[in-house]
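Let me begin by presenting the structure, written as structure tokens, before commenting on it.
For ligands, and for the atoms within them, numbers begin at 1 and follow the listed sequence. Side chains are part of it too, since the values below use all heavy atoms of this structure and drop only hydrogens, waters and symmetry mates.
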Amino acid sequence: MKRVLLIIAAVMLCCCLSMSGRKRDVKFSNAGTAYIERSFSTYDVLQKQIHSFAELGYMEYRSSGLLASHLESNGFRVEMGVAGIPTAFVATFGSGSPVIGLLAEYDALPGMSQDTVAYKKALKDGAPGHGCGHNLLGTGSVAGAVAISKWLAEGHQGTVVLFGCPAEEGGGGKAYMAREGCFDGVDAILDWHPDICNLVNVESGLANVQMRFTFHGVSSHASSAPEKGRSALDAVEAFNFMMNMMREHVPDGTRIHYVITDGGKAPNVVPDRAEVLYYLRNRSRAVVQDLKERAIKAAEGAAMGTGTTVEFEAVSGNFERLYNESLAQVLQRNLETVGGVEYDAREMAFAEEMLEASGINDKSVLKKPSMVLPLGADYPTLKGVSSDVGNVTWVAPTASFRAATFVPAGLGHCWQFTSSGGTTIGTKGVMNVAKVMFFTAYDLYNSPETVAKVKAEFDERRGNDFVFVPLIGDRKPPLDYRK
Ligand SMILES: [Zn+2]
């Protein structure tokens, strides 16, 4: 009897082992992974095309069109122009739950034009460029979404939704998409951003609001009739003075920065129009909301004291990120499985030349792209940044990761990132991202318990009485904010 039991136990153990082995094999060898393995050149071409378009926020017609038509040709249903934004879109594949969302961005930065060479060389002086790697961000998420769709198409239940999100750089596209309910009903959202190494983002970052203040005065000859003039630039200066005084009396960790975007045209003409653009940031959006109210009062005071009038608007507003550890853990596991990026000899020579051109002697930094940091590793640069992804994290459970796509020779929004992101170094990162997203989605589709845990944590962290009140209010998307 004992022997029979032993044999039964041994057989059961073998069955379990082979089942887990088979499950493991299926995850790593199926239509989704096969698609990623054979698609390097497809996405190499795609990311380089968007790199060359380098379109600014809300003007990404060619970039969004290219990604949307690629998704459509892979069987996705595409709705273009969502949330009143022509370059925002939602692409859906599959049916039923769970619904997994992926975020894509594709806007460039002004003045960042750069050729894909190892030294600083603008393609066109002053023109936009992909200094933040959003050519890769959009392409990586799209590659992940198509890989997921290939697996779903084998007869698995679930839905994948790719969100085409414009104008992350200052235009806050996702704030408007969140306000219009685009992300409602999504069970889990996966997000990533290009970087110099690989890690899951556990930082809340900073909530922020971008405010434009425009003062109107009375123009006159600055020398022959100064008494008739009321200077709008005076109002900007008085306002800035008060804001600089305010720095002493704000909660710790607050950031206040501004640029004067219109200060008049000539010293001998009293300016009848002047404009200043502010960013107000803090870890808490409640503090940001308070800073905004105080800034408005200061602007009104400045207008009153200078005999001018003021108009203001919140151009964009972003929540701090709501963390979801249950989802972050699944991402971390898969990021570790996929690993980092290894350069081939040609890419290594390019990277070394770029280091030299950047005045960096320590070649050991080139190991960073191959590393995956542990969950919760300190990564100071993520503490001080704001993103419109923050808004999304409060309307659907979201987890974000960073993937190595750049030569570590710069510090963000730099020529080194623009350049290396437009080469195969960037594409290698993109294909890793596609794998991480596919494996994570695979795990969620195959584990209703994990999805339930992710959603329960989201509800608990957000609180029962949470209502999404956008920092942008009810204003229309600022489609012309770059003009
Ligand atoms: Zn970015």
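- Note on R77 versus E72: no salt bridge recorded, every NZ/NE/NH1/NH2 to OD/OE distance being 4.0 Å or above.
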Run the side-chain donor-acceptor check on residues 190-197: report pairs under 3.5 Å with partners two or more places apart or on a different chain.
unit_1: D191; atom_1: OD2; unit_2: S400; atom_2: OG; d: 2.6
unit_1: W192; atom_1: NE1; unit_2: L137; atom_2: O; d: 3.1
unit_1: W192; atom_1: NE1; unit_2: S141; atom_2: OG; d: 3.3
unit_1: H193; atom_1: NE2; unit_2: H134; atom_2: NE2; d: 3.4
unit_1: D195; atom_1: OD1; unit_2: Y379; atom_2: OH; d: 2.7
unit_1: D195; atom_1: OD2; unit_2: R402; atom_2: NE; d: 2.7
unit_1: D195; atom_1: OD2; unit_2: R402; atom_2: NH2; d: 3.2

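- The salt bridge (charged side-chain N to carboxylate O under 4.0 Å, His left out) analysis of residues 275-295, with sequence neighbours excluded, yields the pairs R212-E275, R273-E275, R285-E320.
- Between E168 and K174, the closest heavy-atom pair is CG-NZ, 3.8 Å.
- Excluding waters, the count of protein N/O/S atoms less than 2.8 Å from the Zn ion (ligand 1) comes to 3.
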Side chains of residues 353-361: which donor-acceptor pairs under 3.5 Å do they make with residues two or more places apart or in other chains?
unit_1: S358; atom_1: OG; unit_2: M354; atom_2: O; d: 2.7
unit_1: S358; atom_1: OG; unit_2: Q416; atom_2: NE2; d: 3.0

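- Between Y278 and F239, the distance separating the two ring centers is shorter than 6.0 angstrom.
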